[in-house]
S.K.: 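Got a structure for you, written out below as C-alpha cells; questions coming shortly.
Atom set for the values below is all heavy atoms of this structure, side chains included, hydrogens, waters and symmetry mates excluded. Not measured: the values here are computed from a predicted model.
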Amino acid sequence: MKKLLLYLFLITAGLISTVQVSAQKEIAPGVIKLQKGEIDTFTPYSLFGGKPVIEAMKALPAAKLPFDAEDVQIKITDRGCLIEVPLEDNEQIYGFGLQFETFGQRGLRKRPIVNDNPLNGLGYTHAPQTFYVSTKGYGILVNTARYTTFLCGSNQKTEHSRQQRIEERKHIATTTEDLYKNRSNGNKIFIDVPGAKGIEVFVITGPEVLDVVKRYNLLSGGGCLPPMWGLGFKYRVKGDATQDSVMRFADYFRNNNIPCDVLGLEPGWQTATYSCSYIWSKDRFPQHKEMLTRLQEKGYKVNLWEHAYVHPSSPIRKALEPYSGDFLVWNGLVPDFIKPEAHKIFTDYHRTLIDEGISGFKLDECDNSNISFASATWCFPDLAQFPSGIDGEQMHQVFGSLYVNAMDSIYRAKNTRAYQDYRSSGLFMSSRSAVLYSDTYDPKEYIQALCNSAFGGLLWCPEVREAHSAEDFFHRLQTVILSPQAMVNAWYLQYAPWLQFDRGKNERGEFLPEAKQYEEYARTLINLRMELIPYLYAAFHTYQQEGTPPFRPLLMDFPKDERLRTISDQYMIGDGLMAAPLYENKKARKVYFPEGTWYNFNTNEKYEGNREYEITTELNQLPLYVRQGTLLPLAEPVPYVDAQTVFNLNCKVYGTPTATCQLFEDDGISYDFQKGQFNQVTLNAAKGKVKLTRTKGCKIKRYQLKGYEFIN
C-alpha cells in the first residue's frame, strides 16, 4: 500500500510516467525476468531468443543471488528508464560484448554501442551487449536495442566512513592522472536507457561466473557447433583477385603441403561492391562455375565477401525497395530483415550462389560508420525508419545479427553447417555458427578481445595480414592458430605474408631472404592447428550441449584465484589447454599458471601453479600449456577436412597414469547429430595404455588410435 501511495504521489508530481509495478518471473531455470512499463516491440530476445535449452539449464547448480531480485530498481521517467543494481565493495564485473582496451569494467562508464572502430574503452564496438557478469555469481542483461549507458560504480553519491573522510581530506590531487583515476567506490550500477517507456531486465544466476555464462548461452539456444572443416585453416586472397590468381593460390597450398580448407574471395568477385551487386564479375571470373568445381575437387571450400547494401544494378534491388529503410548506404538499399518479404528476397537470391558451391560468406560493414568522426557517414543515421517500424538507432544494434541469421537460415534449410565471418553481433547469438572480426590491428587488444567475447557467447578471430617484423607476424599467426577461426586475411597482399611482411614489397614480388624458412614456420604452425581439430571439435560440442565457451578467460575456470581477475592476455581452450600468446617483439613473456601442475606443449617442461614464469617460445611453436590430468588427442595433419577424413590420433597423457577424453564423432557437416546421428568416442588411459571405445549412434568413424605417450 505504501509503494502504491508513493507511486501515486510521484506520478501526480510529474516525476514518473507510469505506476506499473515491476513484474518478476522465472523464464528459464535460474533466469529471472523483471519487467516494468511498455516494452519495445523489437528487443534482442524477441528477435533472437526464445529457444532455451531447458534440461541443460536444470542440470546447472542452483544459486542464490547476493541481493534480492526486488533490490534491482526500475524507474520510468520522462527521460526513459533508469535501472539500479546493487554492487558490493569487493565485486568485479565483466562483459558488455566484444570489448577492447578494458577487461574488468568496475568504475567505468560503458556505452555498448555498435561502431566500426572501438574507441578509448568507452564500449563502442562491433558486437555490443547490454549484459555483464559479476564475480559474485550473477549476470544482469538489459533486453533492449536502444543505446544504453552503464555507470559501473563510479561518480556516485555514497556515504563514506569517518576514516575515509579523514583520508580524503589528507590527500590533495596534483596530477592529471591522480585527478582522473578510476576510484570505483560506488555501491550501485546505474543503467540509463533513454527513450524507453518500459524495460525487461534478466537476472541470471551462477553460482560462479562460468555458470552464469553457461546459463546465458543455454538461454540463447546453446553454443554453435561449426562444420569440422571450419576448424581448419582459412586464407583470404587479395581483394582484386582474378580466377587465375585464385587457382594459383589453390595450387600453392597443395604443392607446398600447407594445409588449407577455405579460400575467401574479397570484393573483386562482384561487378559492384560499395554497394553490392552480388553478381559474379565476368572480367575477373569468366568461368566462375568451372573454378568452383575445380576448387572443390582440390578440397577447398569457398567463402565470398559482401555487405547487405544493395546496388542499383543488383537483380534484387527493385523487389527490395518496399522493404528497405528510408536512407541509402553507398547508394545501396538497406534491407529490413525483420520483414519476412525482405528476408525471403535476399535469401532466395543468395541460395543460387550457395547452390553453386559457396560454403559461407564474410558479412562486412554490418556495424556502423565511426560515430566519433564527423566525416564517417557511410551508414544510415539513427533517425532512419524501416518498414517494420524499428528506427535507425535500434536497427544499428541488431543489424549484424539479423544479417547473419538470414544467411545462416539458407544453410540450415539445406541441412548444412556454415562457418561465416561477420563484423557485428549482439545478444543471444551463441548458437549461430559465425565468427567476428575487425579491421583494428593491435595484437594485445586482440588477445583481450578473445577473453572478453567469451562472457557473451561470441566467437572472435584476430586479424593477420602485414607485419613489421618476423616476430610481429608469427606472434599474430600463433594467436589466430589458437583462436576460434584460424584465418589469414591477406586482402591487400599479392603473395602469402610469410614470404614478405611488407605490403609494398609484397605487391612487387620482392620476397624476404628468409622466405623459405618462414614458409616452413607457417607450415608447421598451420599443421599444429590441424593436429588440434579433434580436441577443438569436442570443445565446441561441449559448448553446443552445455554452454561452456571453448575459448574463455582463466577466471572462469579458477574463480577463487583473485589474481586472474586482471589477466586478460591468457585464456583456456577447452578444459585442458591454456594459451599465452606473445604480442611484443620478444620470444619470451611472463606466464602466470593457476593452481595445479602444467606442461609446456613444445618441450614437456613442468610448471607448478600459483606462480609466474618467464618462458621462451620459438616462432614455429605455439605458446600453449597443458593442464595435468589431460589426455590430449593430436591428429596427424591432413591437407584439408572433408566428409571422408579419418583422423589418426596420437595421444599424450600429461602427469597422471589415468585420464579420459571424450570426442564427438559425426559427419561434420550436417545437423543430423541433432537427430542422434553421432558417436561418443572415449579415449581412456590406464595401466600404461590408451584405448578407444565408441557408442553406436552412426556408422561414421572419424577417429582411429595410432599411438600414445605418457608424459610425467
S.K.: May I ask you to check whether D367 and N115 show a side-chain donor-acceptor distance below 3.5 Å?
M.R.: no
S.K.: Would you say T77 and L82 make side-chain contact, with heavy atoms under 4.5 Å?
M.R.: no
S.K.: Given 3.5 Å as the limit, does a donor-acceptor pair link the side chain of Y349 with the main chain of Y278, or not?
M.R.: yes
S.K.: Please confirm whether the backbone N or O of I39 pairs with a side-chain atom of T43, one donor and one acceptor, at under 3.5 Å?
M.R.: no
S.K.: In plain terms, say whether D244 and R248 are close enough for a salt bridge, that is, a side-chain N and a carboxylate O under 4.0 Å apart.
M.R.: no
S.K.: R432 vs D408, test: salt bridge (Lys or Arg N to Asp or Glu O under 4.0 Å). Steps then yes/no.
M.R.: CA-CA 8 Å; R432 279 59 170 193; D408 190 57; 5.7 Å; no
S.K.: Distance alone, cut at 3.5 Å: any donor-acceptor contact between the side chains of E507 and Y492?
M.R.: no
S.K.: Please determine, by modelled atom types, if Q420 and K362 share a side-chain donor-acceptor pair under 3.5 angstrom.
M.R.: no
S.K.: Return yes if a side-chain donor-acceptor contact under 3.5 Å exists between D336 and S324, otherwise no.
M.R.: no
S.K.: Just by modelled atom types, is the L363 backbone N or O under 3.5 Å from a matching donor or acceptor in the E306 side chain?
M.R.: no
S.K.: Please find the pair of heavy atoms, one from S277 and one from S313, that lie closest to each other, and give the distance.
M.R.: CB-OG, 3.7 Å
S.K.: Looking at every heavy atom in both H288 and E356, which two are closest together, and how far apart are they?
M.R.: NE2-OE1, 3.0 Å
S.K.: Apply side-chain hydrogen bond (donor to acceptor under 3.5 Å, both in side chains) to the pair K110 and T102, showing each step before the final yes or no.
M.R.: CA-CA 10 Å; K110 302 299 289 190; T102 60; 2.8 Å; yes
S.K.: Distance only, no hydrogens: is a donor on one side chain within 3.5 Å (strictly under) of an acceptor on the other, for D421 and Q485?
M.R.: yes
S.K.: Are H396 and F380 close enough that their ring centres sit under 6.0 Å apart?
M.R.: yes
S.K.: For the pair D355 and R351, find out whether any cationic side-chain nitrogen is under 4.0 Å from an anionic carboxylate oxygen.
M.R.: no
S.K.: Does H311 offer a backbone N or O that forms a donor-acceptor pair with the side chain of S314 under 3.5 Å?
M.R.: no
S.K.: Any side-chain heavy atom of I279 sitting closer than 4.5 Å to one from Q270?
M.R.: no
S.K.: Verify whether one side chain among E445 and Y583 offers a donor that lies under 3.5 Å from an acceptor in the other.
M.R.: no
S.K.: Is there side-chain contact between Y132 and Y94, with at least one heavy-atom pair below 4.5 Å?
M.R.: no
S.K.: Of the non-hydrogen atoms in G457 and Y216, which two are nearest, and what is the gap between them?
M.R.: N-CE2, 4.0 Å
S.K.: Pick one: which of W491, F361, Y274 meets ring-ring contact (aromatic ring centres under 6.0 Å, His included) with W305?
M.R.: Y274
S.K.: Under 4.5 Å between any side-chain heavy atoms of N368 and F399, yes or no?
M.R.: no
S.K.: If I take atom CZ from residue R476 and atom CD from residue E466, how far apart are they, to the nearest 0.5 angstrom?
M.R.: 8.5 Å
S.K.: Keeping the roles fixed (side chain from T347, backbone from H343), state whether a donor-acceptor pair exists under 3.5 Å.
M.R.: yes
S.K.: Has R111 got more than 12 heavy atoms of other residues, nucleotides or ligands less than 6.0 Å from its CZ?
M.R.: yes
S.K.: Between atom OG of S245 and atom CZ of R284, what is the distance when rounded to the nearest 0.5 Å?
M.R.: 10.0 Å
S.K.: How close do V310 and P335 get, heavy atom to heavy atom, and via which atoms?
M.R.: CG2-CG, 4.1 Å
S.K.: Rounded to the nearest 0.5 Å, what separation is found between the OH atom of Y495 and the NZ atom of K238?
M.R.: 10.5 Å
S.K.: In Å, rounded to the nearest 0.5 Å, how long is the span from CZ of F100 to CG of N120?
M.R.: 13.5 Å
S.K.: Output the distance between atom OG (S438) and atom CG (L436), rounded to the nearest 0.5 Å.
M.R.: 9.5 Å
S.K.: Are N506 and Q500 linked by a side-chain donor-acceptor pair shorter than 3.5 Å?
M.R.: no
S.K.: Other residues, nucleotides and ligands only: do more than 12 of their heavy atoms fall within 6.0 Å of CD on Q296?
M.R.: no
S.K.: Do the charged groups of R236 and E266 touch, with an N to O distance under 4.0 Å?
M.R.: yes
S.K.: I'd like to check I358 versus L292 (side-chain heavy atoms, cut-off strictly below 4.5 Å). Are they in contact?
M.R.: yes
S.K.: Side chains of T271 and K282: is there a donor and an acceptor less than 3.5 Å apart?
M.R.: no
S.K.: Parallel, tilted or perpendicular for F551 and Y571, by the 30°/60° rule?
M.R.: tilted
S.K.: If we ignore angles and hydrogens, is there a donor and acceptor under 3.5 Å between the side chains of S372 and N370?
M.R.: yes
S.K.: Work out which heavy atom in R417 is nearest to a heavy atom in P227; give both atom names and the distance.
M.R.: O-CG, 3.6 Å
S.K.: Just so I know, are the side chains of S281 and W269 near enough to count as touching, which here means a heavy-atom distance under 4.5 Å?
M.R.: no
S.K.: Looking only at atom types and distance, does a side-chain atom of T479 sit under 3.5 Å from a main-chain N or O of H475, one as donor and one as acceptor?
M.R.: yes
S.K.: Hey, what's the ring geometry for W498 with F253, parallel, tilted or perpendicular (30° and 60° as the breaks)?
M.R.: perpendicular
S.K.: Is there a donor-acceptor pair closer than 3.5 Å between any side-chain N or O of K301 and the backbone N or O of V262?
M.R.: no
S.K.: Working to the nearest 0.5 Å, report the span between CD of Q544 and CG of N217.
M.R.: 11.5 Å
S.K.: Check whether any side-chain N or O of N452 sits under 3.5 Å from a backbone N or O of Q99 as a donor-acceptor pair, and report yes or no.
M.R.: yes
S.K.: Go through the steps for V435 and Y419 under the test side-chain contact (heavy atoms from CB on, under 4.5 Å), then give the verdict.
M.R.: CA-CA 7 Å; V435 183; Y419 202 36; 3.3 Å; yes
S.K.: Evaluate R317 against L320 for side-chain contact (heavy atoms from CB on, under 4.5 Å), listing each step before the verdict.
M.R.: CA-CA 5 Å; R317 169 82 174 216; L320 276 172; over 6 Å; no
S.K.: Relative to the ring of Y252, is the ring of F249 parallel (under 30°), tilted (30 to 60°) or perpendicular (over 60°)?
M.R.: perpendicular
S.K.: Does P549 offer a backbone N or O that forms a donor-acceptor pair with the side chain of R552 under 3.5 Å?
M.R.: yes
S.K.: Ignoring hydrogens and angles, state whether a donor on the side chain of H126 or S424 is under 3.5 Å from an acceptor on the partner side chain.
M.R.: no
S.K.: Check each of F346, W330, Y422 against H307 using the ring-ring contact (aromatic ring centres under 6.0 Å, His included) test, and report the only one that passes.
M.R.: W330
S.K.: Identify whether the distance between the nearest side-chain nitrogen and carboxylate oxygen of D442 and K444 falls below 4.0 Å.
M.R.: no
S.K.: Under 4.5 Å between any side-chain heavy atoms of D439 and D116, yes or no?
M.R.: no
S.K.: Run the numbers on I76 and K36 for side-chain contact (heavy atoms from CB on, under 4.5 Å), then give the verdict.
M.R.: CA-CA 8 Å; I76 303 175; K36 189 171 184 179; 3.9 Å; yes
S.K.: Where does the angle between the aromatic ring planes of F540 and Y543 fall among parallel (under 30°), tilted (30 to 60°) and perpendicular (over 60°)?
M.R.: perpendicular
S.K.: Any side-chain heavy atom of D192 sitting closer than 4.5 Å to one from L151?
M.R.: no
S.K.: Please report the closest heavy-atom contact between P112 and T130, naming both atoms and the distance.
M.R.: CG-CG2, 4.2 Å
S.K.: Is it the case that the side chain of Y441 and the backbone of R465 share a donor-acceptor pair, with hydrogens and angles ignored and the cut-off at 3.5 Å?
M.R.: yes
S.K.: Identify which one of Y45, F48, F131 satisfies the ring-ring contact (aromatic ring centres under 6.0 Å, His included) criterion when paired with F428.
M.R.: Y45
